[in-house]
A.B. asks: 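Have a look at this one before I ask anything.
Order of the sequence lines fixes the chain letters, A, B, ..., with proteins taken first and strands second; residue numbering starts at 1 for each chain.
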Amino acid sequence: FTMDDGLSKAVREVFVRLHEEGLIYRGERLINWCPRCLTALSDIEVEHEETKGKLYHIRYPLADDPSTSLIVATTRPETMLGDTAVAVHPDDPRYRHLIGKKVHLPLTTREIPIVGDPILVDREFGTGAVKITPAHDFNDFEAGERHHLPRLAILDAHARLDPEGLQKAAVESTVRESVQGLPVSKARPKIEEQLQARELLVKVEDHKMALGKCYRCKTVVEPYLSPQWFVNIQPLADPAVKAVEDGRIRIIPESWTNNYLGWMRDIKDWCISRQIWWGHRIPAWYCRQCNEDSTIQTAPTTGTKRSYSFSAKATPIVALRAPTHCPDCGQHDFLQESDVLDTWFSSALWPFSTLGWPDQTSELKKFYPTSTLVTGLDILFFWVARMIMMGLKFMGDVPFRDVYIHALVRDAEGQKMSKSKGNVIDPLSIMGDYGTDALRFTLASMASPGRDIKLAEERIEGYRNFANKIWNAARFILMYAEGIREHVEIGDRSFADRWMFSRLNRTIQDTTTALEQYRFDHAAGYLYQFIWHEYCDWYLELVKPALQDKASTEARRTRATLIQSFEITLRLLHPFMPFLTEEISQALPHESTQDSIMIRPFPTRQSAWEAKDIEEQFAALERFVTMARAGRALLAYPPGARLNVFAAAKGPDERMSLEKLHRHLEQLSRASVHIADQATWPSQKVLRLVAEGLTIGIGVEGDVDLQKVLDRIVKQAAEAMKEVKRLEGKLANVEFVAKAPADVVAEHRQRIATLTHEQSMLASSEQQLRSML
RNA sequence: GGGCGGAUAGCUCAGUUGGGAGAGCGCUGCCCUUACAAGGCAGAGGUCACAGGUUCAAUCCCUGUUCCGCCUACCA
């Protein structure tokens, strides 16, 4: 970014304003530091790794009574050279009386105080005494502040023992000479040896701990004392906590809310400076005249580091532009701060900086705040929380209403994908193999809340097939689209059309509701089910005969319905499969003025389409057809052979439905269908099949394997028997009948009745079959 | 250490006012039936991790255990 770039302008504006309010300060603090990259690291840049280490128990003799000593435990014996105190718990009867006395710090000529600190010390852990090294440990730094202890840095920026620091820390010269210039890993055994030789090392035990490592180079990070820039975060965090507490911002799924609140309430000042090249350079300048003593020359060792920096004592001038002269000395020789900003500092401004802020643009008015932010959990704190804080601070309003936390996509082993780990699944390659829409649909369908996604190729392949299915349906429709189309009122449409519209209506409603609840998985499921298993499997099959005679009224009307319904379906599917739906919708017959599908309205529910009675009739048809097909498979009739199928309706309503749908029944079951009472069926050569209250008979012709059929019927009867026994068992329980809701009990009775009827039918089929064998 | 999530068909995963266990892929059988074999039709397959508890009734609620994963933390 150039300095005139809008984003940079916003960053500088924010930096300067925060600084003016005292919310940005510069100071010497401990930060996570990579001794190899020579830069500060933010929390997100540090990876923690379980490591086997050692716990060293070291004896610190009392200064005025060397026969008595405190034993402290540490995982980092080399840092003891920088100790400036030993802490015990003020209420600990073992040590209480020692507070205020001094111990002699081994390997040095220093004496350091014993302090009481209830925060740092856990009485139960180790010996109950702990060393304080403010320059090399975060907690010790805090403890050092509480007790006004000096900070003795004994490591340099490369995490080597620093000769000057060792000198200042009054380390014995022999010790000093043996360790100076050594990296931590080499110095540690030397220190261990020295302590051993003086019999001050009480014991060494194995110890598990989590070591922080630089995300880039895997070097163990060091808490490092250096001048850095910070944001005083509490004044920004408080409003951001409130915004979520009072519901102005909703986190979805809700379970992450506590995570957010917990983190925000316990937030620490934000180190925003980085010692790297790439980034927004901090808008601060130092007068060379006034800060001569604070200038630190550093050799450009790697070629990526600037050659100077300033100590914590230096006085910066923070401004939007380079100052023309120094307000103190009037000189005009400046060096700009060499540090750049943490990348999340500018990211935090994204919701408004991208809209032109600090200018009051029309985009800013229109799009701030936005409705939903979709993001991954891993940056909830680093990005989302900071956008909320900065948005509230500079815009006076939340940057978004809903935060949708989506799942993390992991690799096949369930590992988190990361650039540095190299286990990234390349979306471009997946898209090449299966298509962009298939990948998108897969991710939507697997986006169940609170659960991560292990990307499974089989699922993607399945949705690739789904896309293919839609292509083929489109081909079918285009094939029959030619010709006059006649639009009629919904009530006058055919059975198939009315059923399909009723189902489409339901699908629109379900999909919309699911989207409103951020249940993309449910929405994808509804669409898949409707398009494949209702629209393609049943509707398109049902209308085929009508389309055959192209000139007929029925064909004219069906063509209109086909195109209308498919176009609506495509719009409904468009957010999930944008490319395919656009392509097909352009191919369908349409007005030349019609917009791209992406800006057409999303379908809405039409109550006129709802047809419960039609759906019930369809259910009867589906039961019949499925059973006829099963019978065909059971009797191993070839698909081409025409069957004779008898159907007995349960009542007059069903009989009417079946008669009305007679043509469809014959078409879909490829059979001659006879609707008649069972009593009138031929007594011989008819196989009876029963399921869900419907009984059909299939004419038995030719040489068929009746044994297979018998096995099936016996098995089905056994299953029915088992279920009846289970239900009767429950009904026999007086407590069940007394305490269960009446409708549940009634339902149980109803199920028994149905099953019993089924059983008797099966028994008669069985008897009949045995006689035929 | 603390917190959170997961364990359901061979695999990847759905499944809430507790009451008959689902999908996709894979598998078996039949079928290239003029949209589609990346397909159609029909099937097989599950003591819902384990042990207790609450309840008339538990995949679902509670407790504990085992295993896996994530976040977080200074246990020196």
A.B. asks: Would you mind telling me which of B:A76, B:G15, B:G19 lies closest to the side-chain atoms of A:L55?
C.D. replies: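 Side chain of A:L55 sits closest to B:A76.
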A.B. asks: Using a cut-off of strictly less than 4.0 Å, decide whether A:R123 has a side-chain nitrogen or oxygen near OP1 or OP2 of B:A76.
C.D. replies: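 No, because none of the side-chain N or O atoms of A:R123 sits under 4.0 Å from OP1 or OP2 of B:A76.
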A.B. asks: Which nucleotide, in any strand shown, forms a Watson-Crick or G-U wobble pair with B:C32, with both distances under 3.5 Å?
C.D. replies: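 Looking at the geometry, B:C32 pairs with no nucleotide.
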A.B. asks: Which part of the nucleic acid, if any, lies within contact of A:Q529, taking any heavy atom under 4.0 Å across all strands shown: a base, the sugar-phosphate backbone alone, or nothing?
C.D. replies: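 It contacts nothing in the nucleic acid.
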A.B. asks: Would you indicate, yes or no, if B:C41 has its OP1 or OP2 atom less than 4.0 angstrom from a side-chain nitrogen or oxygen of A:R670?
C.D. replies: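 False: A:R670 side-chain N/O out of range (4.0 Å or more) of B:C41 OP1/OP2.
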A.B. asks: Taking everything shown except A:E583 itself, do over 12 heavy atoms lie less than 6.0 Å from its CD?
C.D. replies: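 It does not: A:E583 CD has 12 such atoms or fewer within range.
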A.B. asks: Within less than 4.0 Å of OP1 or OP2 of B:G40, is there a side-chain N or O belonging to A:W532?
C.D. replies: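 Answer yes for this pair, as a side-chain N or O of A:W532 is under 4.0 Å from OP1 or OP2.
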A.B. asks: Does B:C41 have OP1 or OP2 under 4.0 Å away from a side-chain N or O of A:R632?
C.D. replies: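 Looking at the OP1 and OP2 atoms of B:C41, neither is under 4.0 Å from any side-chain N or O of A:R632.
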A.B. asks: B:A44, OP1 or OP2 - any side-chain N/O from A:K715 closer than 4.0 Å?
C.D. replies: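 Answer yes for this pair, as a side-chain N or O of A:K715 is under 4.0 Å from OP1 or OP2.
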A.B. asks: What nucleotide among B:A35, B:A76, B:G20 has an atom nearest to a side-chain atom of A:E723?
C.D. replies: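 So the nucleotide nearest the side chain must be B:G20.
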A.B. asks: Run the side chain to side chain donor-acceptor pair (under 3.5 Å) check on A:S565 and A:Y535 step by step: do they pass?
C.D. replies: CA-CA 10 Å; A:S565 62; A:Y535 199 85; 2.7 Å; yes
A.B. asks: If you assign A:K544 and A:D521 each to the RNA chain B nucleotide with the nearest heavy atom, which residue ends up on the more 5' nucleotide?
C.D. replies: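 Going by which nucleotide is closer to the 5' end, it is A:D521.
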A.B. asks: Does the side chain of A:Y528 get closer than 4.0 angstrom to OP1 or OP2 of B:G24 through an N or O atom?
C.D. replies: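 For B:G24, neither OP1 nor OP2 has a side-chain N or O of A:Y528 closer than 4.0 Å.
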A.B. asks: Does B:C61 pair with anything, Watson-Crick or G-U wobble, both distances under 3.5 Å, and if so, with which nucleotide?
C.D. replies: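 Per the H-bond distance test, B:G53.
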A.B. asks: Counting side-chain heavy atoms from C-beta on, which of B:A35, B:G19, B:C75 comes nearest to A:P741?
C.D. replies: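 Among B:A35, B:G19, B:C75, the one nearest the side chain of A:P741 is B:G19.
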A.B. asks: Counting Watson-Crick and G-U wobble pairs only, both distances under 3.5 Å, name the nucleotide matched with B:G69, or none.
C.D. replies: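 When the pairing criteria are applied, B:C4 turns out to be the nucleotide that pairs with B:G69.
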A.B. asks: May I ask you to verify if any side-chain N or O of A:H533 is less than 4.0 angstrom from the OP1 or OP2 atom of B:G24?
C.D. replies: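 For B:G24, OP1/OP2 do have a side-chain N/O of A:H533 under 4.0 Å.
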A.B. asks: With both distances under 3.5 Å as the test, what is the Watson-Crick or G-U wobble partner of B:A14?
C.D. replies: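 Across any shown strand, B:A14 pairs with none.
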A.B. asks: What integer number of Å spans the P atoms of B:U16 and B:C41?
C.D. replies: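 So the two P atoms sit 28 Å from each other.
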A.B. asks: Compare the minimum distances between each of B:C13, B:A35, B:A14 and the side chain of A:K454, then state the nucleotide with the smallest one.
C.D. replies: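 Looking only at heavy atoms from C-beta outward on A:K454, the closest nucleotide is B:C13.
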A.B. asks: Could you please name the option among B:C25, B:U34, B:C75 that lies closest to any side-chain atom of A:E458?
C.D. replies: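 Selected nucleotide: B:C25.
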A.B. asks: Name the nucleic acid region contacted by A:A630, choosing base, sugar-phosphate or nothing; use a 4.0 angstrom heavy-atom cut-off, strictly under.
C.D. replies: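 Sugar-phosphate, no base atom in range.
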A.B. asks: Considering only heavy atoms and no angle criterion, is a donor-acceptor pair shorter than 3.5 Å present between the side chain of A:R629 and the base of B:A42?
C.D. replies: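 Such a pair does not exist between side chain and base.
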A.B. asks: For the P atoms, the ones on B:C25 and on B:A42, what distance do you get once it is rounded to whole angstrom?
C.D. replies: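 Each nucleotide's P atom is 14 Å from the other's.
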A.B. asks: Return the nearest nucleotide to the side chain of A:R475; candidates are B:G15, B:C36, B:C74.
C.D. replies: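 Nucleotide nearest to A:R475's side chain: B:C36.
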A.B. asks: Which heavy atom of A:F736 sits nearest to which heavy atom of A:V744, and what is that distance?
C.D. replies: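 Heavy atoms of A:F736 and A:V744 come nearest at CZ-CG1, 4.2 Å.
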A.B. asks: Mind listing the closest non-hydrogen atom pair of A:D83 and A:L152 along with its distance?
C.D. replies: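 Looks like O-CD1, 4.5 Å.
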A.B. asks: If the cut-off is 4.0 Å, is A:R751 near the phosphate of B:G20, judged by side-chain N/O to OP1 or OP2?
C.D. replies: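 Indeed, a polar side-chain atom of A:R751 lies that close.
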A.B. asks: Considering only the C1' atoms, how many Å lie between B:G6 and B:G15, rounded to the nearest integer?
C.D. replies: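 B:G6 and B:G15 have their C1' atoms separated by 15 Å.
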A.B. asks: Do A:Q548 and A:Y480 have side-chain heavy atoms sitting under 4.5 Å apart?
C.D. replies: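 The answer is yes; the side chains approach within 4.5 Å.
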A.B. asks: Please pick, from B:A14, B:A42, B:C56, the nucleotide with the shortest atom-to-atom distance to any side-chain atom of A:H522.
C.D. replies: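 For A:H522, the side-chain atoms sit closest to B:A14.
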A.B. asks: For a quick check of understanding: with a heavy-atom distance under 4.0 Å over all strands, which category does A:R459 fall into, base, sugar-phosphate or nothing?
C.D. replies: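 Counting heavy atoms under 4.0 Å across all strands, the contact made by A:R459 includes a base.
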A.B. asks: Can you see if the side chain of A:N465 gets near the phosphate of B:G39 - specifically, an N or O under 4.0 Å from OP1 or OP2?
C.D. replies: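 Looking at the OP1 and OP2 atoms of B:G39, one of them is under 4.0 Å from a side-chain N or O of A:N465.
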A.B. asks: For the pair A:R29 and A:E145, find out whether any cationic side-chain nitrogen is under 4.0 Å from an anionic carboxylate oxygen.
C.D. replies: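 So A:R29 does not pair with A:E145 through a salt bridge.
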A.B. asks: Pick the nucleotide of RNA chain B nearest each of A:N468 and A:K730; which residue has the one closer to the 5' end?
C.D. replies: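 The residue mapped nearer the 5' terminus is A:K730.
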A.B. asks: Phosphate oxygens OP1/OP2 of B:A76: is one of them under 4.0 Å from a side-chain N or O of A:T75?
C.D. replies: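 No, A:T75 has no side-chain N/O under 4.0 Å of OP1/OP2 on B:A76.
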A.B. asks: Without hydrogens or angle criteria, can the side chains of A:H748 and A:E728 be said to hold a donor-acceptor pair below 3.5 Å?
C.D. replies: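 No donor-acceptor contact under 3.5 Å links the two side chains.
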A.B. asks: For B:U47 versus B:A58, give the span between their C1' atoms, rounded off to a whole number of Å.
C.D. replies: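 To the nearest whole Å, 14 Å.
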A.B. asks: What interatomic distance, in whole Å, is found between C1' of B:A73 and the corresponding atom of B:A14?
C.D. replies: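 The answer is 35 Å between these two C1' atoms.
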A.B. asks: Need the pair for B:G46. Rule: Watson-Crick or G-U wobble, both distances under 3.5 Å, any strand; none if unpaired.
C.D. replies: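 Its partner is none (no Watson-Crick or G-U wobble pair with both distances under 3.5 Å).
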A.B. asks: From the list B:A14, B:G19, B:C25, which nucleotide is the closest neighbour of the side chain of A:F736?
C.D. replies: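 Closest nucleotide to the A:F736 side chain: B:G19.
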A.B. asks: Considering the options A:F576, A:F441, A:Y526, A:Y404, which one meets the ring-ring contact (aromatic ring centres under 6.0 Å, His included) requirement together with A:F520?
C.D. replies: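 Answer after filtering A:F576, A:F441, A:Y526, A:Y404: A:Y404.
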